[in-house]
Amino acid sequence: MEAFGRYLDLHELYNEFINSKFGSLMEYSAYVGTFAQTEKILHSLKATRQYKEYLEHILEYLMSFMYRTEPLQDIDKIFTKLQSEFEEQWANGEVPGWENKGTEKKSESQESAVDLDYYNIVEELVELGPEKLKEALTARGLKGGGTVQQRAERLFLLKHTPLEQLDRKHFAKGDDLKKEIALVEVKMKRLCEILDEVIVRTKENAEKKLTLTYEEMEAEREEEEVQADSESDDEDQQIYNPLKLPMGWDGKPIPYWLYKLHGLGQEFKCEICGNHSYWGRRDYERHFKEWRHQHGMRCLGIPNTKNFNEITSIEEAKALWERIQAKQGLNKWRPDLEEEYEDKDGNIYNKKTYTDLQRQGLI
């Protein structure tokens, strides 16, 4: 329960965390206080698709919460600035929690172990041996496999080419995934900094509920609903709003022409979102990328791609997904019908026909 924006509702993310390989069992209140502390998770568990999807779910929810509670925050502008800073930090191995994981800086002892200024040809590096070369390569985020000669040649490239200008084929395969995960972590932590007061309030509320009985929790919930209704009634009495127009940033009803321009009187219902209502075309179009619709699509087992934009009916989504799957099946390679064979006379047959004729001794 978000209680009209007072608290975060992290229960779904909490269940995802405690049931994952990188998570651990803990109380919900403890999770609220530590979900942003990703540095506590081992790097071997973080460099996985499952962890990346978990982080993306957190980011989606926090962005949705901010759109609803702090609409004046320009999240795109915040992320644009954050990404430029991230690229520089990643290149220098200075991303918090990922220090020395993406580039040349892994440990001072490994970095100083092979100083390329003292080597003029590849053969001199070969004399270091496979293990020493592997350490030097992995310290810089490069592939450490291959023969001794290949490792030496790969390392020698850095003598004349900066690491950031090196061809991506020389880097370890997991490096790009780690960079993507690190960027999502940085974005998520930035939103957590902005929502710090809400997170603290959510944690205190979760801890408080642990000490309440069921009757006390129900009484508190009813009290919050009554309080919210009374606050809304007071506002209605104070502000003259006969047309029931939405409130603007200044706490006053928006102009009627703006209400008509954005079509805020038009209701759009989405069955995939649990028959949730969206008012106005803008909110309706934006909701296809938000957490509620994405969660509904995941429950249906359907990928939330552009093909399903404007689809709000569960039956229509399922039917479209079946058609897409059938179409993909037609485009698959069918060797028995499409693989061609030629006999000694130059006649062309598909594999099935050729095999049948050969079995009958006709060719």
Side-chain angles (χ1 to χ4, degrees), residues 1-90 93-102 177-210 289-292 294-295:
M1 295 287 289
E2 293 180 348
F4 302 97
R6 283 181 55 81
Y7 312 119
L8 295 173
D9 185 1
L10 301 174
H11 288 88
E12 186 177 334
L13 297 167
Y14 165 70
N15 289 329
E16 186 176 350
F17 175 80
I18 62 174
N19 290 300
S20 65
K21 292 181 180 179
F22 52 82
S24 57
L25 289 175
M26 61 175 69
E27 292 287 347
Y28 175 71
S29 57
Y31 172 76
V32 174
T34 60
F35 78 94
Q37 300 172 11
T38 55
E39 61 275 3
K40 293 184 177 181
I41 301 174
L42 295 174
H43 279 280
S44 58
L45 299 175
K46 289 167 75 172
T48 60
R49 294 288 175 188
Q50 184 189 30
Y51 179 70
K52 182 172 180 282
E53 289 175 2
Y54 163 72
L55 282 181
E56 288 172 343
H57 295 163
I58 296 179
L59 188 63
E60 287 170 11
Y61 173 72
L62 294 179
M63 288 173 64
S64 172
F65 184 85
M66 284 193 64
Y67 279 132
R68 289 178 284 118
T69 59
E70 299 187 36
L72 296 182
Q73 284 279 10
D74 192 341
I75 298 177
D76 293 334
K77 185 177 180 181
I78 293 171
F79 283 172
T80 301
K81 182 181 178 183
L82 198 67
Q83 185 146 3
S84 62
E85 294 174 354
F86 170 82
E87 293 293 342
E88 183 179 348
Q89 290 177 336
W90 183 262
E94 297 172 353
V95 177
W98 293 85
E99 291 89 346
N100 312 325
K101 296 292 176 184
L177 177 62
K178 289 178 182 177
K179 184 178 179 181
E180 292 174 8
I181 292 171
L183 178 58
V184 180
E185 274 190 1
V186 170
K187 288 181 177 180
M188 183 263 289
K189 288 182 179 181
R190 181 71 186 97
L191 295 187
C192 287
E193 290 174 4
I194 298 172
L195 296 170
D196 181 60
E197 291 184 9
V198 181
I199 293 173
V200 171
R201 198 157 54 230
T202 303
K203 186 174 186 296
E204 291 174 350
N205 183 58
E207 291 173 341
K208 177 184 174 184
K209 285 186 175 181
L210 291 174
K289 297 180 181 179
E290 293 180 346
W291 69 272
R292 191 192 305 275
Q294 291 178 346
H295 174 68

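Contact between V184 and E56 at its shortest, heavy atoms only, is CG1-N, 4.1 Å.
Two rings, from Y31 and F17, have their centers less than 6.0 Å apart. For F22 and Y54, the ring centers are positioned less than 6.0 Å apart.
When the ring pair (Phe, Tyr, Trp, His ring centres under 6.0 Å) test is applied to Y67, no partner is found at least two apart in sequence or on another chain. Residues satisfying the side-chain hydrogen bond (donor to acceptor under 3.5 Å, both in side chains) criterion with E39, sequence neighbours excluded, are K189.
Here CD1 of I58 is found 12.5 Å from CD of E53. Values are rounded to the nearest 0.5 Å.
Contact check on E185 versus K46 returns a salt bridge, with a Lys/Arg side-chain nitrogen under 4.0 Å from an Asp/Glu carboxylate oxygen. Remark: K203 engages E207 in a salt bridge, criterion side-chain N to carboxylate O under 4.0 Å. Between R201 and E204 there is no salt bridge, since no side-chain nitrogen of the basic residue lies less than 4.0 Å from a carboxylate oxygen of the acidic one.
If you run ring-ring contact (aromatic ring centres under 6.0 Å, His included) between Y28 and each of Y14, F35, Y7, only Y14 comes through.
When the shell of 6.0 Å around CD of E197 is examined, it contains 12 or fewer heavy atoms from other residues, nucleotides or ligands.
Counting heavy atoms from C-beta outward, Q89 and P96 have side chains that approach closer than 4.5 Å.
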